[in-house]
Amino acid sequence: MPRTYSTGITIKIIQNSAVSPDLDSLIRAGLVECYPKDSDHFSHQRAWHSEPSWIVCAFSPDGTVAAHVAIVEREVLVGGTKIPVRVAGPQGVFVRPPWRKMGLSNIIMETAREESCRQGLEAGLLFCRPELETKVYGRMGWKKVNSAVFMSDDSGRTVPIDSKSIAMAIPIAIEQFPAGDIDLQGPDW
C-alpha cells in the first residue's frame with residue numbers, strides 16, 4: 001500500500017514484473033543522473049548482473065522518481081558449513097539531487113527492510129564503495145562483512161567480488177548475520 005508523506009512524496013513497492021516501460025525509463029533516468037560514470041550502462045538497463053524481484057520508489061508530486069532501491073532476492077551460503085541465508089540484496093540505490101537531505105534514503109531502505117521481513121527474508125546484503133560504509137549505510141545499521149564474498153562470473157566460475165566493493169549486512173529475521181565466507185550462488189547485484 002502506498003505511503004504519502006507531508007512532503008508530498010509517495011512511497012510504493014512494485015514487483016519488478018509490473019514495472020511499465022515508462023517507469024523503467026524514469027528509473028533509468030535517475031540512475032544516469034546519480035551515476036554519471038555508468039550512464040552508458042544505465043541508459044539501457046536498470047540492473048547490473050541480477051534482475052531485482054521488486055523495487056521501492058519514492059515519487060514526487062509530479063510523478064518523478066525522486067528515489068529508488070531495487071531488491072534482489074537470493075539464498076546465499078555462509079561459512080564452512082554453508083549455512084543458507086535468504087537475503088534481500090539492494091541495488092541501484094539513488095536519491096536525485098532535488099530531493100536529497102530529506103531522509104529519503106533512510107525511508108526507502110527502511111521500507112525495503114520492512115517488506116523483506118514480510119516476505120520472510122532473513123538478512124540484507126549489499127555491496128558498495130568503502131566511502132559509503134559510514135557515510136550512508138552504517139548510520140542505517142548496516143555492518144561491514146569482514147569475510148570473503150564469492151560470486152559466479154559470466155563463464156560460471158566462482159570468483160571473489162570486485163575488490164573496489166565492500167559487503168555490508170543487516171539482520172532482518174535473524175539475530176545476526178552468520179560469520180564466514182559468503183557464496184552468492186550466482187552473480188553479484
- Task: With sequence neighbours left out, write down each residue that passes salt bridge (Lys or Arg N to Asp or Glu O under 4.0 Å) with E115, or none if nothing qualifies.
- Result: R118
- Query: Can you find a heavy atom in the side chain of L23 that is under 4.5 Å from one in the side chain of F59?
  - Reply: yes
- Query: Does P21 offer a backbone N or O that forms a donor-acceptor pair with the side chain of S25 under 3.5 Å?
  - Reply: no
- Item | Ring centers of W48, F42 separated by less than 6.0 Å | yes
- Go through the steps to decide whether E122 and V87 satisfy the test side chain to side chain contact (heavy atoms under 4.5 Å, CB included), and finish with yes or no. CA-CA 6 Å; E122 298 172 292; V87 298; over 6 Å; no
- Would you say R100's side chain and V95's backbone share a donor-acceptor pair under 3.5 angstrom? yes
- For the atom pair NZ (K144) and SG (C128), what is the distance rounded to the nearest 0.5 Å? 9.5 Å
- Note on the structure: P90 and L126 have their tightest heavy-atom pair at CD-CB, 3.9 Å
- Any residue meeting side chain to side chain contact (heavy atoms under 4.5 Å, CB included) with L26, in chain and number order, not counting sequence neighbours: V65
- Transitive ILVMFWY side-chain link I172 to V69, under 4.5 Å: no
- Report yes or no: do V159 and I161 belong to one cluster of Ile/Leu/Val/Met/Phe/Trp/Tyr joined by side chain heavy-atom distances under 4.5 Å? yes
- Query: Under 4.5 Å between any side-chain heavy atoms of M168 and L125, yes or no?
  - Reply: no
- Message: E131: which residues meet the side-chain hydrogen bond (donor to acceptor under 3.5 Å, both in side chains) condition with it, sequence neighbours left out?
- Response: R129
- Query: Mind checking whether I14 and W54 have side chains closer than 4.5 Å, heavy atoms only?
  - Reply: no
- Closest non-hydrogen atom pair between P178 and I174, with its separation: CD-CD1, 4.1 Å
- Close side-chain approach of P171 to F177, heavy-atom, < 4.5 Å: no
- Query: What distance do Q119 atom CD and E114 atom CD have between them, rounded to the nearest 0.5 Å?
  - Reply: 12.5 Å
- Would you please name every residue forming a side-chain hydrogen bond (donor to acceptor under 3.5 Å, both in side chains) with T134, sequence neighbours left out? none
- Any side-chain heavy-atom pair from N106 and M140 closer than 4.5 angstrom? yes
- Task: Taking the side chain as every heavy atom from C-beta outward, state whether P2 and T10 have any atom pair closer than 4.5 Å.
- Result: yes
- Residues passing the side chain to side chain contact (heavy atoms under 4.5 Å, CB included) test with Q91, sequence neighbours excluded, are A47, P52, A70, V72, W189
- Separation between CE (M151) and OG1 (T158), nearest 0.5 Å, reads 10.0 Å
- Answer yes if W99 and I107 sit in the same cluster of Ile, Leu, Val, Met, Phe, Trp and Tyr residues linked by side chain heavy atoms under 4.5 Å apart, and no otherwise. yes
- Task: Check for a donor-acceptor pair, side chain of H68 on one end and backbone N or O of I55 on the other, with a separation under 3.5 Å.
- Result: no
- Check whether F150 and I83 end up in the same hydrophobic cluster, where Ile, Leu, Val, Met, Phe, Trp and Tyr are linked by side-chain heavy atoms less than 4.5 Å apart. no
- Item | hydrophobic_cluster_shared for V85 and F127, side chain cutoff 4.5 Å | yes
- Query: With no hydrogens and no angle check, do the side chains of D22 and S20 hold a donor and an acceptor under 3.5 Å apart?
  - Reply: no
- Query: Do you know the tightest heavy-atom contact between R74 and P187?
  - Reply: NH1-O, 2.9 Å
- Message: Are more than 12 heavy atoms, taken from residues, nucleotides or ligands other than D154, located less than 6.0 Å from that residue's CG atom?
- Response: no
- In a check of side chain to side chain contact (heavy atoms under 4.5 Å, CB included) between V149 and each of V78, D188, D181, I182, which one passes? I182
- Task: Identify the heavy atoms of S105 and R139 that sit nearest to each other, and give their distance.
- Result: OG-NH2, 3.7 Å
- Should Y137 and M109 count as side-chain neighbours, where that means a heavy-atom distance under 4.5 Å? yes
- Query: Pairs in or reaching into residues 28-39: which pass side-chain hydrogen bond (donor to acceptor under 3.5 Å, both in side chains), with residues at least two apart or in two chains?
  - Reply: D24-R28, E33-R96
- Query: Do the non-hydrogen side-chain atoms of L184 and S152 ever get within less than 4.5 Å of each other?
  - Reply: no
- Note on the structure: Taking every heavy atom of G120 against every heavy atom of R86, the minimum-distance pair comes out as O-NH1, 3.7 Å
- Using modelled atom types only, decide if a donor and an acceptor are shared between the side chain of S116 and the backbone of A112 within a distance under 3.5 Å. yes
- Minimum-distance pair of heavy atoms, taken over all atoms of I9 and S60: CD1-CA, 3.8 Å
- CD on E133 to NZ on K143, rounded to 0.5 Å: 9.5 Å
